[in-house]
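Shown next, in structure tokens, is the structure this report addresses.
The figures here come from the full heavy-atom set of this structure, side chains too, leaving out hydrogens, waters and symmetry mates.
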Amino acid sequence: MLAKVTSCALLGLQGVPIQVEVDTSRGKPMLIIVGLPDAAVKESSERVRAAIKNSSLRFPMKRITVNLAPADIRKEGPAYDLPIAVGLLLASEQCWPDRVDGAMFVGELSLDGSVCHVNGILPIAAAARERSISRLFVPAVDAGEAALVEGLEVLPVDHLSQLAAHLQGLSPILACQARPEVASAGLPPYASDFCEIRGQEHVKRALEVAAAGGHNVLMVGAPGAGKTLLARSMPSILPAMGIDEALEVTKIYSVAGLLPSETPLVRHRPFRAPHHTISHAGLVGGGHWPRPGEISLAHRGVLFLDELPEFGSRTLEGLRQPVEDGVVSIARSTGTLSFPARFMLVAAMNPCPCGYAGDPLRECTCAQSTVTRYQRRVSGPLMDRIDIHIEVPRVDVDKLTSDTLAEPSSAIRERVEQSRVRQRERFPGRPWMCNAQMGPADVREICVLEEEGSALVRAAMQQLYMSARAFHRILKLARTIADLAGSEGIKTPHLAEAIQYRPRRAV
Ligand SMILES: Nc1ncnc2c1ncn2[C@@H]1O[C@H](COP(=O)(O)OP(=O)(O)O)[C@@H](O)[C@H]1O
Ligand SMILES: [Mg+2]
């Protein structure tokens, strides 16, 4: 007796339908799983056996072969427990194919028969809808996440016996009606507000420009100058995230298994601040079963790297390609996987190991060679990809002790949002474009300079030994500054401000 049930595998963020074929034949009772299963899938046989028994169903005492097709895709994780169990019920005639055809099943079984959470439900549901599958059976805890996909009947399953009763036509499972609230979520409570930060007006201005155009920033300054505080306040001035962006980010968190079941949609821009001891795979993604790294978890948000030179140099070099392309490609023996990684890099560092190089009040105790070596830990090519380099000086005591609050984050965010509206109008049909993402063709078309401006850039290029990349990046940054000022064209002051954000050190 042969039974077929549809399930789904994940390749990166892509769901790929899998046929679970269950064959029972006479012979010594045993269960074999074939079709490139990993250890968790192989263990499935034990979970399914116990779950079926403990759900008052019959486990067929036959020779059982389970094939997961197509065989060239690696099957990982416990999500095939549920379709294998359904296949066994079909093969042993405890339910009939009419209710299984045209449906997709995913879920892990626990030994008592209850159905547990699996990762990646959102991309699986999206794949089901793309393939015109009308019904998706998911663990009840994941139903809200699956219901984010419109035009799909989502059936939440708590327990295998409940599913069996549904498939036998005894007691139907009700489809999940409640589509999670996807309208604008309002603003989250922020860790800190710009109004609490005294002084540092020019740093705040630089961060405003960065937020407006999605540019990368590096802050350099003595310990305690407020770099970490400023970076952690970034989320409070970032523009709100649209629903399409939110779904994109949610897919990544879903695959990484970081989505809380009570809030199935990531509504706010991510802010990721990994520690400098993070591994290469942890930062850019990868591992035996490729997982999204911190750069993908920061997609459409901020990746904050505090104490930048402390990160491993190989780890940092791994950032170069994704910073440029907005995706990270991970090569596997079975092919290449890619994860989106369109993040804004915010980095902070001390100028030298002791932290006081260039400080007007305190003497630096480092040898010049040590300072140079410290700064070299961050390679030139990475520095070149950071548009805004800004010094964070210590704040005056007078300013620190004054009672006047600075401009609140909400006012800054207002300006950032307005400049984003201008940017969106410029790129019709490309939903999330901001200036930092422009390609060379866009730069040529959009960042046209007046005569005075091009003379200024030419002089700066010569004096600062700038690369072609730096030239394009300056134009994009100047475009953002012009957008913040509400100016149609890029004027000389906008260019001058953009140029002064470039690093002084030749790269
Ligand atoms: N401009 C500022 N306004 C108010 N408090 C500040 C300012 N700069 C620093 N601080 C205080 O000093 C603390 C340390 O700052 P931090 O951001 O950790 O410095 P850094 O990362 O540059 O070493 C902050 O948590 C904050 O309490
Ligand atoms: Mg710090």
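Side-chain contact, Thr336 with Ser329: no donor N or O sits under 3.5 Å from an acceptor N or O. For the residue pair Ser114 and Ser110, a side-chain donor N or O sits within less than 3.5 Å of a side-chain acceptor on the partner. No side-chain N or O of His389 forms a donor-acceptor pair with one of Asp387 less than 3.5 Å apart. A donor atom on one side chain and an acceptor atom on the other are found under 3.5 Å apart for Asp325 and Gln321. In this structure, a donor-acceptor pair under 3.5 Å is present between the side chains of Thr228 and Asp306. Defined by atom type and a distance below 3.5 Å, a donor-acceptor pair is present between the side-chain atoms of Glu248 and His299. With 3.5 Å as the limit, one finds a donor-acceptor pair spanning the side chains of Ser409 and Ser236.
Put simply, the side chain of Arg426 never gets that close to the backbone of Asn435: no donor and acceptor are under 3.5 Å apart. The backbone N or O of Ile73 sits less than 3.5 Å from a side-chain atom of Lys75, completing a donor-acceptor pair. Listed for the Arg377 side chain is no donor-acceptor partner under 3.5 Å among the backbone atoms of Gly312. Using modelled atom types, no side-chain atom of Arg49 and backbone atom of Phe59 make a donor-acceptor pair closer than 3.5 Å. Of the possible donor and acceptor atoms, none in the side chain of Lys4 sits under 3.5 Å from a partner among the backbone N and O of Gln19. In terms of modelled atom types and a separation under 3.5 Å, the side chain of Thr250 and the main chain of Ala246 share a donor-acceptor contact. For Gln94 (side chain) and Arg58 (main-chain N/O), a donor-acceptor pair under 3.5 Å exists by modelled atom type. In this structure a side-chain-to-backbone donor-acceptor pair under 3.5 Å is present from Arg420 to Ala212. Here the side chain of Ser44 pairs no donor or acceptor atom with the backbone of Ala40 at under 3.5 angstrom. At least one donor-acceptor pair under 3.5 Å links the side chain of Ser254 to the backbone N or O of Gly120.
Between His472 and Pro440 there is a side-chain heavy-atom pair separated by less than 4.5 Å. Within the 4.5 Å cutoff, side-chain heavy atoms of Arg269 are placed close to those of Glu245. Ser233 places a side-chain heavy atom less than 4.5 Å from the side chain of Ile197. Between Arg413 and Pro239, the closest side-chain pair of non-hydrogen atoms is not below 4.5 Å. No side-chain heavy atom of Asp81 sits under 4.5 Å from any side-chain heavy atom of Ile84. Here the side chains of Ile18 and Thr6 are not in contact, with every heavy-atom distance at 4.5 Å or above. Counting heavy atoms from C-beta on, the side chains of Met234 and Leu207 come closer than 4.5 Å. Side-chain contact check for Ser467 versus Asp384: some heavy-atom pair is nearer than 4.5 Å.
Rounded to the nearest 0.5 Å, atoms CE (Met349) and CG (Leu308) are 6.5 Å apart. Here CG of Leu316 is found 10.5 Å from CD of Glu310. Values are rounded to the nearest 0.5 Å. One distance of note links CG of Leu109 with OH of Tyr80; it measures 14.5 Å at 0.5 Å rounding. In this structure, CG on Asp193 lies 10.5 Å from CD1 on Ile237, to the nearest 0.5 angstrom. Interatomic distance, Leu229 CG to Met219 CE, rounded to the nearest 0.5 Å: 9.5 Å. Atoms CG and CG, on Leu163 and Leu89 in that order, are 7.5 Å from each other to the nearest 0.5 Å.
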Checking Ile295 against Leu283 for the side chain to side chain contact (heavy atoms under 4.5 Å, CB included) test, could you report, in this order, the C-alpha distance in whole Å, the side-chain angles of both residues, the deciding distance, and whether it holds? CA-CA 6 Å; Ile295 59 170; Leu283 189 67; 4.3 Å; yes
- prompt: Is there a side chain to side chain contact (heavy atoms under 4.5 Å, CB included) between Leu303 and Val346 once you walk through the steps?
  reply: CA-CA 6 Å; Leu303 178 72; Val346 177; over 6 Å; no
Next on the checklist: I'd like to know whether Ile252 forms a side chain to side chain contact (heavy atoms under 4.5 Å, CB included) with Leu13, so could you lay out the CA-CA distance, the side-chain angles of the two residues, the decisive distance to 0.1 Å, and finally the verdict.
Outcome noted: CA-CA 7 Å; Ile252 301 173; Leu13 294 189; 3.7 Å; yes
Margin query: One pair to check against side chain to side chain contact (heavy atoms under 4.5 Å, CB included): Met344 and His215. What are the steps and the verdict?
Written below: CA-CA 6 Å; Met344 200 180 130; His215 302 281; over 6 Å; no
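At most 12 non-hydrogen atoms from other residues, nucleotides or ligands lie less than 6.0 angstrom from CZ of Arg63.
Residue Val106 comes nearest to Pro139 through the heavy atom pair O-CD, 3.3 Å, listed as atom of the first residue, atom of the second, then distance. Taking each heavy atom of Arg135 and Asp101 in turn, the nearest pair found is NH2-O, 2.8 Å. Pairing each heavy atom of Lys227 with each of Val220, the nearest pair is CD-C, 4.1 Å. Of all the heavy atoms in Leu11 and Leu337, the pair that sits closest is C-CD2, 3.6 Å.
Between Phe137 and His166, the ring center distance clears the sub-6.0 Å criterion.
The pair Glu317-Arg320 counts as a salt bridge, with a side-chain nitrogen and a carboxylate oxygen less than 4.0 angstrom apart.
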